[in-house]
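Just below is one structure, and these are the notes that go with it.
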Amino acid sequence: DEQLVHIAKCFKDSSALIDFFSKFLKRNNEYANEKVQIIAYSVLAYLEEQKFAYDSALVLYNKSLKLAMQANSYYAVDILIRLGRIHYVLGNYANEMDCYDQALKMVKSSDYYSKAAIFNEIGNVYSDLLQNEDALQYYQLSLDAAEKDDEFGKIVQISNIGFIYY
C-alpha cells in the first residue's frame, strides 16, 4: 500500500501516473497480490474521476470492487462509496442507492466514519429529489454516527440539516 502511495506522490502529471499504473497492472497482474491490484485499480479510477472521465472510473472501480469482494477485503466499503458518488454525479440515483445499501451491509458496526459518510450520501440523494423528510432522517443518522468518531463530520451534518430547513 505505502509503496503505491509513495509512487503516486512522485508523479506530478496524472497522465504519467495513469500510464505507470496501467503498465504495472498489465505486467504484474498475475504476480501482484490482490491488495496491490485493488489499490492500483482504485488509484487509476480516482485519477479518471478527477478528469471527469466517469465511464472509465466506473469500469476501474468495478474491477477493484470485484477483486475486493473476492478477497473479502474491507476496501470494498470505500470502493462502493466512491462508486455511489460517481452514480450521483451521473444522476443514476437507483445505482447510487444500491452501492450505499451494499456498503451499509458490509460496514463494521464500529466504523462510524464510514457509516456517517454513507448516511450523508443517502441524505444528499433524498435532498436532491426534494424528499426532505427522508433527507433529514439520513442526515440525522449521519450526525449520530459522526458524533461518535468524527468532529468534522458533525459540522457537515449540522450544515446539511440546516439546509433542509432553509
Side-chain angles (χ1 to χ4, degrees), residues 1-6 8-9 14 34-54 57-166:
D1 296 354
E2 293 174 25
Q3 291 173 333
L4 288 176
V5 172
H6 177 70
K9 288 180 181 177
S14 65
E34 290 169 330
K35 188 175 181 181
V36 170
Q37 289 180 40
I38 292 165
I39 293 168
Y41 280 120
S42 291
V43 167
L44 283 172
Y46 175 78
L47 292 169
E48 290 296 304
E49 185 180 352
Q50 298 309 302
K51 295 186 324 184
F52 307 105
Y54 297 119
L58 284 173
V59 168
L60 292 164
Y61 276 134
N62 278 312
K63 285 183 179 183
S64 184
L65 178 62
K66 182 179 178 182
L67 290 168
M69 298 290 265
Q70 289 171 348
N72 199 26
S73 170
Y74 200 65
Y75 285 121
V77 172
D78 183 57
I79 296 165
L80 284 163
I81 293 169
R82 292 178 182 277
L83 278 167
R85 289 178 180 154
I86 292 174
H87 286 298
Y88 175 81
V89 169
L90 296 174
N92 301 331
Y93 296 130
N95 291 345
E96 177 187 11
M97 294 294 270
D98 184 51
C99 289
Y100 299 145
D101 183 50
Q102 288 180 58
L104 279 173
K105 289 176 183 171
M106 297 174 67
V107 74
K108 295 177 183 175
S109 61
S110 61
D111 186 355
Y112 299 110
Y113 181 83
S114 292
K115 284 181 182 179
I118 296 165
F119 290 140
N120 178 62
E121 297 299 337
I122 294 171
N124 289 342
V125 172
Y126 284 123
S127 179
D128 281 0
L129 296 173
L130 301 177
Q131 297 177 11
N132 291 338
E133 291 297 319
D134 291 328
L136 188 58
Q137 175 187 352
Y138 279 95
Y139 288 148
Q140 185 62 53
L141 287 169
S142 182
L143 177 60
D144 293 345
E147 285 180 333
K148 296 178 179 157
D149 187 41
D150 181 17
E151 194 63 36
F152 178 73
K154 287 192 314 192
I155 295 166
V156 170
Q157 296 322 311
I158 291 168
S159 173
N160 284 339
I161 290 169
F163 281 122
I164 292 294
Y165 287 109
Y166 177 71

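Put simply, CG on Leu60 and OG on Ser42 are 9.0 Å apart, with the number rounded to the nearest 0.5 Å. Between the CG atom in Asp78 and the CD1 atom in Ile38 there is a gap of 11.5 Å [rounded to 0.5 Å]. Atom CG of residue Asn124 and atom CD of residue Glu96 lie 8.0 Å apart, to the nearest 0.5 angstrom. Atom-to-atom distance recorded for Ser142:OG and Glu147:CD is 10.0 Å, nearest 0.5 angstrom. Separation of atoms CG (Leu65) and CG (Leu58) is listed at 11.5 Å; rounding is to 0.5 Å. Atoms CD1 and OH, from Ile118 and Tyr138 in turn, are 11.5 Å apart once rounded to the nearest 0.5 Å.
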Check step by step if side chain to side chain contact (heavy atoms under 4.5 Å, CB included) holds for Ile122 and Leu141.
CA-CA 10 Å; Ile122 294 171; Leu141 287 169; over 6 Å; no
Assess the residue pair Phe119 and Tyr139 against the criterion (side chain to side chain contact (heavy atoms under 4.5 Å, CB included)); give the C-alpha distance rounded to whole Å, side-chain angles, the decisive distance to 0.1 Å, and a yes or no.
CA-CA 6 Å; Phe119 290 140; Tyr139 288 148; over 6 Å; no
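Of all heavy-atom pairs spanning Ala135 and Gly123, the tightest one is CB-O, 3.4 Å. Across every non-hydrogen atom of Ile81 and Ala103, the tightest pair is CG1-CB, 4.5 Å. Taking every heavy atom of both residues into account, Ala146 and Ala116 meet most closely at N-CB, 3.9 Å. Residue Lys115 comes nearest to Ser109 through the heavy atom pair NZ-O, 2.9 Å, listed as atom of the first residue, atom of the second, then distance. When all heavy atoms are compared, the tightest approach of Lys148 to Tyr112 is CD-CE2, 3.3 Å. Contact between Met106 and Met69 at its shortest, heavy atoms only, is CE-SD, 3.7 Å.
Put simply, the side chain of Tyr41 does not reach to within 4.5 Å of the side chain of Tyr61, judged on heavy atoms. Within the 4.5 Å cutoff, side-chain heavy atoms of Lys51 are placed close to those of Glu48. Taking the side chain as every heavy atom from C-beta outward, Tyr75 and Ile39 approach each other to under 4.5 Å.
Atom OH of Tyr54 has more than 12 neighbouring heavy atoms from other residues, nucleotides or ligands inside a 6.0 Å radius.
Considering only residues two or more places apart in sequence or on other chains, Lys105 meets the salt bridge (charged side-chain N to carboxylate O under 4.0 Å, His left out) condition with Asp101. Listed by chain and number, the residues in a side chain to side chain donor-acceptor pair (under 3.5 Å) with Tyr126 amount to none (sequence neighbours excluded). The side chain to side chain donor-acceptor pair (under 3.5 Å) search around Asn95 returns none, not counting sequence neighbours.
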